[in-house]
Chemist: 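Mind looking over this structure? Questions follow.
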Amino acid sequence: MKKMKKLLALALAGVMMLSAVACGSKEDGASGDGAANGTANGTITFGTNAEFPPFEFVTSQGAIGEFDGIDMAIAKQIGDDMGKEAKINNMEFDSLLLALDNGQVDAVIAGMTVTDERKEAYDFSTPYYTATQVMIVKEDSDIKAAADMKDKKIVVIQGYTGETCVKDMGYDYEAFKKGTEAVLELVNGKCDVVVIDSATAEKFVGDNEGLKIVEDPSAFEAEEYAIAVKKGNTELLNQINASIQKMLDNGTVSELSAKYLDMDTDEDASSSDAE
């Protein structure tokens, strides 16, 4: 009887330990819908800000549901390589890393620049794209270099690298949450210049007549885009890196860049701007 009681006690203890582990995983930031543990349930959830063509934008039929762009196609391929369904959680750019902390997403892919500050708190994948900041101005603008922005009305996108650059230059600026809104200010003559990532600038200039791009390599350094995961999530990071490296080696990333840079996303950007 004592032996039977001991076996029952051990079994009960095992059940309690399993329950504690289950509760602990939820307290560690798993969302109610299981997003943080999606990689264990056949899905991987990426956080993004679908206001950044050609990397991520909303369309009628995209690479992942209504979401399309270079990043979205990369995210889908990563999911395929992992044998999982890629899902998207669309939110404001400034909320993405917080969502990663809270377990609402498994990874963040949003044309996110790798910085020393971000690397202290998060792990980043192998970079898959190199870009720089440029200035979008009207064709008759007298802005020829970054120094010419002094005393001009400057617009940036909140949380993007362009905002950091302009702030470091000591210039006053106005920040918008969407690139489409920022460019619309320029088109309507309400600002003099928009500072934004080069690839996105190309799309906006291509979609809006009367605008041009001004580059200043001496003022804006090259930056690398990568995917962010929670610090220490080595297993997921290795899986993402393996997929990215394969896409870099076989030319997939280059093909996606060419495809989406040539794509007319004006209608798509306008529809997402109206949300």
Chemist: With a 4.5 Å cut-off on side-chain heavy atoms, are V195 and I154 touching?
Modeler: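 I154 vs V195: side chains touch.
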Chemist: Only counting residues at least two apart or in another chain, list the ones meeting side-chain contact (heavy atoms from CB on, under 4.5 Å) with A201.
Modeler: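 Counting only residues at least two positions away or on another chain, A201 forms a side-chain contact (heavy atoms from CB on, under 4.5 Å) with V134, I136, I196, I213.
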Chemist: When you group the ILVMFWY residues by side-chain heavy-atom contacts below 4.5 Å and let the links chain together, are Y128 and Y122 in the same group?
Modeler: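 In one cluster: yes.
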Chemist: Taking atom CD of Q61 as the centre, does the number of heavy atoms from other residues, nucleotides or ligands within less than 6.0 Å exceed 12?
Modeler: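 It does not: Q61 CD has 12 such atoms or fewer within range.
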Chemist: Can you tell me how far CG of D172 sits from NZ of K150, rounded to the nearest 0.5 angstrom?
Modeler: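 Here the rounded value is 11.5 Å.
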Chemist: Under the side-chain contact (heavy atoms from CB on, under 4.5 Å) rule, collect the residues that match up with T164, sequence neighbours excluded.
Modeler: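 Checked T164 against side-chain contact (heavy atoms from CB on, under 4.5 Å); matches are D168.
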Chemist: State the CD1-CG distance between I88 and N49, to the nearest 0.5 angstrom.
Modeler: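 One gets 12.0 Å once the value is rounded to the nearest 0.5 Å.
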Chemist: Can I get a per-line list of side-chain donor-acceptor pairs under 3.5 Å for residues 185-192, giving both atom names and the distance, sequence neighbours left out?
Modeler:
| from | atom 1 | to | atom 2 | distance (Å) |
| --- | --- | --- | --- | --- |
| N188 | ND2 | L184 | O | 3.3 |
| D192 | OD2 | K153 | N | 2.7 |

Chemist: Are the side chains of E85 and I44 in contact, using a 4.5 Å heavy-atom criterion?
Modeler: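 Not in contact.
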Chemist: Scan side-chain atoms only and decide if E223 and Q133 contain a donor-acceptor pair under the 3.5 Å cut-off.
Modeler: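 Present: a donor and an acceptor within the cut-off.
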Chemist: Which heavy atom of P127 sits nearest a heavy atom of A226, and at what distance?
Modeler: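 Result for this residue pair: CA-CB, 4.1 Å.
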Chemist: Assess the side chains of S198 and T132: does a donor N or O sit below 3.5 Å from an acceptor N or O?
Modeler: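 Distance-only check fails for S198 and T132.
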Chemist: Could you measure the distance from the CE atom of M247 to the CG atom of L256? Nearest 0.5 Å is fine.
Modeler: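 Separation between the atoms: 8.0 Å.
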Chemist: Taking S141 for the side chain and V137 for the main chain, is one N or O donor matched with an acceptor at less than 3.5 Å?
Modeler: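 Between the backbone of V137 and the side chain of S141 there is no qualifying donor-acceptor contact (under 3.5 Å).
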Chemist: Check for me whether the distance between the ring centres of F55 and Y225 falls short of 6.0 Å.
Modeler: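 They qualify: ring centres under 6.0 Å apart.
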Chemist: Could you pull out all residues at least two apart from F67 that satisfy ring-ring contact (aromatic ring centres under 6.0 Å, His included)?
Modeler: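 Per chain and number, F67 pairs via ring-ring contact (aromatic ring centres under 6.0 Å, His included) with no residue.
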Chemist: Please examine the side chains of V229 and I240, heavy atoms only from C-beta on, and report whether any two atoms are closer than 4.5 Å.
Modeler: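 Touching, per the 4.5 Å side-chain cut-off.
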Chemist: Inspect the surroundings of CG in D94 and state if more than 12 heavy atoms from other residues, nucleotides or ligands are less than 6.0 Å away.
Modeler: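 Enclosed.
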Chemist: Test of understanding: with side-chain contact (heavy atoms from CB on, under 4.5 Å), list the residues that count as partners of K167, not counting sequence neighbours.
Modeler: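 Per chain and number, K167 pairs via side-chain contact (heavy atoms from CB on, under 4.5 Å) with Y173.
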Chemist: What's the verdict on side-chain contact (heavy atoms from CB on, under 4.5 Å) for D71 and F46, showing C-alpha distance, side-chain angles and the deciding distance?
Modeler: CA-CA 10 Å; D71 284 352; F46 291 90; over 6 Å; no
Chemist: Using the test side chain to side chain donor-acceptor pair (under 3.5 Å), find all partners of E92 that sit at least two apart in sequence or belong to another chain.
Modeler: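 Testing E92 for side chain to side chain donor-acceptor pair (under 3.5 Å), a comparison that skips the adjacent residues, returns K177.
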Chemist: With distance as the sole test, does D123 use its side chain to make a donor-acceptor pair with the main-chain N or O of T234 at under 3.5 Å?
Modeler: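 Such a contact is absent between D123 side chain and T234 backbone.
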Chemist: Taking P53's backbone N and O only, do any of them form a donor-acceptor pair with T200's side chain (distance below 3.5 Å, no angle check)?
Modeler: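 Pair found, side chain donor or acceptor close to backbone of P53.
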Chemist: To the nearest 0.5 Å, how far apart are CG in L100 and CG in N233?
Modeler: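 Spacing of CG (L100) from CG (N233) equals 8.5 Å.
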Chemist: Test side-chain contact (heavy atoms from CB on, under 4.5 Å) on R118 and M112; report intermediate values, then the result.
Modeler: CA-CA 10 Å; R118 286 172 178 163; M112 180 167 283; 3.5 Å; yes
Chemist: Rounded to the nearest 0.5 Å, how far apart are OG1 of T161 and CD of E221?
Modeler: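 So the gap between those two atoms works out to 11.5 Å.
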Chemist: Report yes or no: do Q245 and T126 form a side-chain donor-acceptor pair below 3.5 Å?
Modeler: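 No, because no side-chain N or O of Q245 sits under 3.5 Å from a partner of the opposite role on T126.
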Chemist: For D68, which residues count as a side chain to side chain donor-acceptor pair (under 3.5 Å) partner, sequence neighbours excluded?
Modeler: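 D68: side chain to side chain donor-acceptor pair (under 3.5 Å) contacts with Y260.
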Chemist: Taking only residues two or more places apart in sequence, or in another chain, which ones meet K76 in a salt bridge (Lys or Arg N to Asp or Glu O under 4.0 Å)?
Modeler: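 Partners of K76 by the salt bridge (Lys or Arg N to Asp or Glu O under 4.0 Å) criterion, ordered by chain and then number, come out as D80.
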Chemist: Are side-chain N/O atoms of N41 and T43 paired as donor and acceptor at under 3.5 Å?
Modeler: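 On atom types as modelled, these side chains do not qualify, holding no pair under 3.5 Å.
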Chemist: So, using side chain to side chain donor-acceptor pair (under 3.5 Å) as the criterion, who are the partners of Y129 when residues are at least two apart?
Modeler: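 In terms of side chain to side chain donor-acceptor pair (under 3.5 Å), with neighbours along the sequence ignored, Y129 is linked to no residue.
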Chemist: Got a sec, which residues hit salt bridge (Lys or Arg N to Asp or Glu O under 4.0 Å) with D142, two or more places apart in sequence or on another chain?
Modeler: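 With neighbours one apart ignored, the set is K152.
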Chemist: Minimum heavy-atom separation for A228 to F124, with atom names?
Modeler: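 In terms of heavy atoms, the two residues are closest at CB-CE2, 3.7 Å.
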Chemist: How close do G79 and A86 get, counting heavy atoms only, and between which atoms?
Modeler: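 Of all heavy-atom pairs spanning G79 and A86, the closest is CA-CB, 4.5 Å.
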Chemist: Kindly indicate, with the supporting measurements, whether the criterion side-chain contact (heavy atoms from CB on, under 4.5 Å) is fulfilled by E51 and F57.
Modeler: CA-CA 5 Å; E51 304 288 345; F57 55 90; over 6 Å; no
Chemist: Are V166 and V194 connected in the hydrophobic side-chain network, where two residues link if heavy atoms are under 4.5 Å apart?
Modeler: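 No, V166 does not connect to V194 through the hydrophobic network.
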Chemist: For the side chain of D148 and the backbone of K144, is there at least one donor-acceptor N/O pair under 3.5 Å apart?
Modeler: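 A pair under 3.5 Å: yes.
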Chemist: When you measure from the side chain of S125 to the backbone N and O of I227, does any donor-acceptor pair fall under 3.5 Å?
Modeler: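 Yes, S125 side chain to I227 backbone: donor-acceptor pair under 3.5 Å.
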Chemist: Is V193 linked to V183 within one hydrophobic cluster, defined over Ile, Leu, Val, Met, Phe, Trp and Tyr using a side-chain heavy-atom separation of less than 4.5 Å?
Modeler: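 Looking at the clustering, V183 is in a separate group from V193.
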Chemist: To the nearest 0.5 angstrom, please state how far the CD1 atom of I74 sits from the CD1 atom of I64.
Modeler: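 One finds 10.5 Å between CD1 of I74 and CD1 of I64.
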Chemist: For D216, check salt bridge (Lys or Arg N to Asp or Glu O under 4.0 Å) against everything at least two apart and list the hits.
Modeler: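 Per chain and number, D216 pairs via salt bridge (Lys or Arg N to Asp or Glu O under 4.0 Å) with no residue.
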Chemist: Would you kindly confirm whether V214 and L211 end up in one hydrophobic cluster when ILVMFWY residues are joined by side chain heavy atoms under 4.5 Å apart?
Modeler: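 Per the 4.5 Å side-chain linkage, V214 and L211 are not co-clustered.
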Chemist: Say whether N89 and Q104, considering side chains only, have a donor N or O and an acceptor N or O under 3.5 Å apart.
Modeler: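 Side chains of N89 and Q104: no pair found under 3.5 Å.
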Chemist: To check you understand the geometry: which heavy-atom pair defines the closest contact between L261 and P54, and what is its length?
Modeler: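 Here L261 and P54 meet closest at CD2-CG, 3.8 Å.
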Chemist: Has T59 got a side-chain atom pairing as donor or acceptor with G62's backbone, closer than 3.5 angstrom?
Modeler: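 Not confirmed, T59 side chain does not pair with G62 backbone.
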Chemist: Would I157 end up clustered with F220 when hydrophobic side chains under 4.5 Å apart are linked, directly or stepwise?
Modeler: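 No, I157 and F220 fall in different hydrophobic clusters.
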Chemist: Determine, using ring centers only, whether F93 and Y160 are less than 6.0 Å apart.
Modeler: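 Between F93 and Y160, which both carry aromatic rings, the centre distance is below 6.0 Å.
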Chemist: List in chain and number order the residues that pass side-chain contact (heavy atoms from CB on, under 4.5 Å) with D81, two or more places apart in sequence or in another chain; answer none if no residue qualifies.
Modeler: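 Expected list: Q77, S243, K246.
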Chemist: Could you tell me whether K212 atom NZ has more than 12 heavy atoms of other residues or ligands within 6.0 Å of it?
Modeler: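 Yes, because the 6.0 Å sphere around NZ of K212 holds more than 12 heavy atoms from other groups.
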